[in-house]
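The chains referred to below are lettered A, B, ... by the order of the sequence lines, with proteins before strands, and numbering in each begins at 1.
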Protein chains: 2
Amino acid sequence: MYSSELIKGTLKTIVLKLLAENKRMYGYEITQKVKDLTGNKIQITEGALYPTLHSLEADGILITETEYIGKRVRKYYSLSKEGHNKSKEKVNEFTDFMNTMKFLLEIKPA
Amino acid sequence: MYSSELIKGTLKTIVLKLLAENKRMYGYEITQKVKDLTGNKIQITEGALYPTLHSLEADGILITETEYIGKRVRKYYSLSKEGHNKSKEKVNEFTDFMNTMKFLLEIKPA
DNA sequence: TTTAATACATAAGATTCAGATGTATTCAGT
DNA sequence: ACTGAATACATCTGAATCTTATGTATTAAA
């Protein structure tokens with residue numbers, strides 16, 4: 001587990017990228033996927049995820065479909081057309097940011 | 001300029017790394033150095049920097065010396081022995097985090 | 001001489017996340 | 001048949017961190 005500050009600011013990027021790769025996912029599935037893929041290093045809490053999903057939906061980035069699995073509600077999230085662009089934007093921005101940080105953290109004394 | 005969320009959580013790491021490379025620096029110098037090294041992509045605001053410096057000092061990570069340049073006060077910050085360890089820790093953690101993110105953002109559909 | 005740059009700093013507000021709590025269903029073990 | 005863990009949604013309080021605005025004062029440049 002990383003110190004919590006680091007994760008900040010990357011949640012949206014992670015969510016958008018996962019949805020770009022997986023067509024549609026539900027909230028709980030996202031938390032588990034991230035946990036699995038990172039070997040428990042990154043754990044998205046539900047208290048952080050759901051507000052983020054809702055705000056992305058409100059912004060027209062995400063579309064939802066509700067389905068019933070037995071009696072249990074399941075809410076699938078997928079990218080809108082806008083969402084696909086946003087996803088690429090965010091991943092590109094983060095990639096750029098990583099390169100900048102890499103440079104910054106490897107500088108040797110002048 | 002990156003969307004402000006991305007920078008969050010990296011300020012301490014940046015400051016500690018710069019001080020590890022430069023022995024001692026003053027606040028304004030740090031803002032300018034980061035601006036220069038990143039081609040204006042990362043701009044540390046003073047409202048963010050000074051509280052961070054003060055809290056690192058309170059934690060014994062940083063040591064300060066005040067000097068007068070003419071009549072103007074200049075406050076130099078440098079790493080304590082603890083600070084050197086903390087600096088390495090933070091940089092290592094961020095490096096690890098970047099690798100995790102890189103993996104996460106490049107995954108292809110299963 | 002007055003504007004921009006240097007240099008410190010604080011304070012109010014916004015954002016964003018973690019942790020706690022809540023509801024309800026379903027599955028596995030006993 | 002029962003109990004606890006896992007699944008699945010969600011909200012809310014509080015903590016942490018940053019941005020914007022503001023303030024003081026000195027010095028260099030136009």
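Distance CD/B:Q43 to CD1/B:I7: 9.5 Å, rounded to 0.5 Å.
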Compile the donor-acceptor pairs under 3.5 Å between side chains in residues 69-77 of chain A and protein atoms, sequence neighbours left out, one pair per line.
unit_1 : atom_1 : unit_2 : atom_2 : d
A:R74  : NH1    : A:Y76  : OH     : 3.3

For a quick test of your reading: what N or O donor-acceptor pairs under 3.5 Å do the side chains of residues 51-66 of chain B make, sequence neighbours left out?
unit_1 : atom_1 : unit_2 : atom_2 : d
B:T52  : OG1    : B:A48  : O      : 2.9
B:H54  : ND1    : B:Y50  : O      : 3.3
B:S55  : OG     : B:T52  : O      : 3.4
B:E57  : OE2    : B:T64  : OG1    : 3.0

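Formation of a donor-acceptor pair under 3.5 Å by the A:K17 side chain with backbone atoms of B:L105 is found in this model. Under the 3.5 Å distance criterion, the side-chain polar atoms of B:T13 are left unmatched by any main-chain donor or acceptor of B:V91.
Between the CG atom of B:D59 and the P atom of D:dA16 there is a distance of 12 Å, rounded to whole Å. For the pair A:Y26 OH and C:dT26 P, the interatomic distance rounds to 14 Å; values are reported in whole Å. A straight line from CG of A:L53 to C1' of D:dA8 spans 13 Å, rounded to a whole angstrom. If you take CD of B:E29 and C1' of C:dA5, they are 15 Å apart, rounded to a whole angstrom. Spacing between atom OH of A:Y28 and atom P of C:dC27 amounts to 14 Å, rounded to whole angstrom units. Look at CE on A:M25: it is 15 Å from C1' on D:dT7, rounded to the nearest Å.
For residues 7-16 of chain A, the pairs satisfying salt bridge (charged side-chain N to carboxylate O under 4.0 Å, His left out) are A:K12-B:E5, with sequence neighbours left out.
For B:H54 and C:dT10, the shortest distance from a side-chain N or O to OP1 or OP2 is below 4.0 Å. Residue A:Y50 places at least one side-chain N or O closer than 4.0 Å to OP1 or OP2 of D:dC9.
Annotation: B:K90, atom NZ; neighbour count of heavy atoms from other residues, nucleotides and ligands within 6.0 Å is above 12.
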Nucleotides 28-30 of chain D: which of its N/O atoms have a protein N/O under 3.5 Å away?
none

Protein-nucleic acid N or O pairs under 3.5 Å, nucleotides 19-21 of chain D:
unit_1 : atom_1 : unit_2 : atom_2 : d
D:dT19 : OP2    : B:T45  : OG1    : 3.2

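Taking every heavy atom of residues 83-96 of chain B and every atom of DNA chain C, no pair lies under 4.0 Å. Near DNA chain D, meaning a heavy atom under 4.0 Å away, the residues from residues 67-76 of chain A are A:R72, A:R74, A:K75.
Remark: B:D36 engages no residue in a side chain to side chain contact (heavy atoms under 4.5 Å, CB included) (not counting sequence neighbours). A search for salt bridge (Lys or Arg N to Asp or Glu O under 4.0 Å) contacts involving A:E46 returns nothing, not counting sequence neighbours. Applying the ring pair (Phe, Tyr, Trp, His ring centres under 6.0 Å) test to B:Y2 and every residue at least two apart in sequence or in another chain returns A:F97. The side chain to side chain contact (heavy atoms under 4.5 Å, CB included) search around B:M25 returns B:L18, B:L19, B:N22, B:E29, B:I30, B:K33, not counting sequence neighbours. Among residues two or more places apart in sequence or in another chain, the salt bridge (Lys or Arg N to Asp or Glu O under 4.0 Å) test is passed with B:D96 by A:K41.
Side chains of A:T45 and A:T31 form no contact here, defined as non-hydrogen atoms less than 4.5 Å apart.
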*What's the verdict on salt bridge (Lys or Arg N to Asp or Glu O under 4.0 Å) for A:K86 and A:E93, showing C-alpha distance, side-chain angles and the deciding distance?*
CA-CA 10 Å; A:K86 196 76 178 174; A:E93 191 190 24; over 6 Å; no

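When heavy atoms are screened at a 4.0 angstrom cut-off, B:Y2 is found touching no nucleic acid atom at all.
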